[in-house]
Amino acid sequence: MAIVVIRQDNKIDVWKNALQKADSSIKVYSYLESHPKDEITMAVIWKHPTGTLANYPNLKCIASAGAGVDYIFEDNTRPKNIPITRIVDTFLAGDMSEHILSVLLAYLKNLNIYKLDQVAHVWEPKSYLRIKDVTVGILGLGELGALTASDLTRFGFKVQGWSRSKKNIEGVRTFFGADEQQEFLKTTNVLVCLLPLTTATEGILNKELLSQLPKNAYVINVARGGHLVDEDLIDLLDSVHLSGACLDVYHTEPLPKTHPFWDHKRVHMTPHYASVSDTNSVIPQIIENYKRLNSGEKLQNLVDSDKGY
Ligand code: GLV
């Protein structure tokens, strides 16, 4: 019984060492070092190279090191009949909520436009909005969406949310299902996408949906690049139906240097870092699941494979 850490960024040793430090009795390997593949029962992964999960004949659990699991379902060579878990963490949710609050305030007070003015040495005061002037609409009321929604109400924003099934969040107007989507969009000034990426939500931020927002609406995508149809967003920004967009996620990451988002004046970008798993905070839940796996108990934070999240 052992854990393998599989990820392609530069955090592989950080994760391996943190798991090892949390419980020195557990054997933890990086997938890059030589290791006994048949001993591995849990893979702790983040955007693993496709095919690597198929190397472990005795794998019993795939643990995503982040909240999202879309990249796991995209790998058709993964073992299909074992549980997948994801991270549910107060810092991960809180960091996302803080990021969205920062983006909203920068939007209301024109901070991104002033930065461009500064670079161009332009002095041009602009009228600003107040928190009470906008209705924020959150697509997706899972762990991150629900916390963001209630945090924003405490700052005085009017907040509404749309989800696949009915949700109740104090102070938040909630909509659900296809029938209520139009009304939700019509009354949203700033749309925040926090949906999981599944076959049902891929490309959901397209011309048809975004055109239903009122003129001058602003779009924030902090979920996955696959939710957005990039050309449709650019068309709606250029035709001034949308006033701007702030993106943290892209179809290809890092975003290719030639992508039109880089030079678009009304696209504001961050490099998929709105909210990242903090090992200190999330390792205990992975270790707990590893122990449960070994003792045959039900795992925490299980993903529903039929829903894909
Ligand atoms: C980040 O994108 C995550 O899914 O945790």
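Predicted model only: the values in this text are computed from it and were never measured. The figures here come from the full heavy-atom set of this structure, side chains too, leaving out hydrogens, waters and symmetry mates. As the structure lists them, so they are numbered: ligands from 1, and atoms in each ligand from 1.
Taking both residues in full, the closest heavy atoms of G226 and H251 are given as CA-CE1, 3.7 Å, listed atom of the first, atom of the second, then distance.
Those atoms of ligand 1 with a heavy atom of G66 less than 4.0 angstrom away are 5 (O). Counting atoms of ligand 1 from 1 in the listed order, those under 4.0 Å from a heavy atom of G68 are 3 (C), 4 (O), 5 (O). Each of the following atoms of ligand 1 lies closer than 4.0 Å to a heavy atom of A67: 3 (C), 4 (O), 5 (O). Shown in contact with H272 at under 4.0 Å from a heavy atom are these atoms of ligand 1, numbered in order with element: 1 (C), 2 (O).
Neither the backbone nor the side chain of Y273 has a heavy atom within less than 4.0 Å of ligand 1.
Residue T188 forms a side-chain hydrogen bond (donor to acceptor under 3.5 Å, both in side chains) with just one option from Q212, E183, Q160, and that option is Q160.
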Practice prompt. Quick one: do I62 and H48 satisfy side chain to side chain contact (heavy atoms under 4.5 Å, CB included)? Show the steps, please.
Written response: CA-CA 11 Å; I62 302 170; H48 62 294; over 6 Å; no
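Other residues sharing a hydrophobic cluster with V276 under the 4.5 Å side-chain heavy-atom criterion for ILVMFWY residues are Y273.
Within the 4.0 Å heavy-atom shell around ligand 1 one finds R224.
Salt bridge status for K126 with D117: present, with a side-chain N to carboxylate O gap under 4.0 Å.
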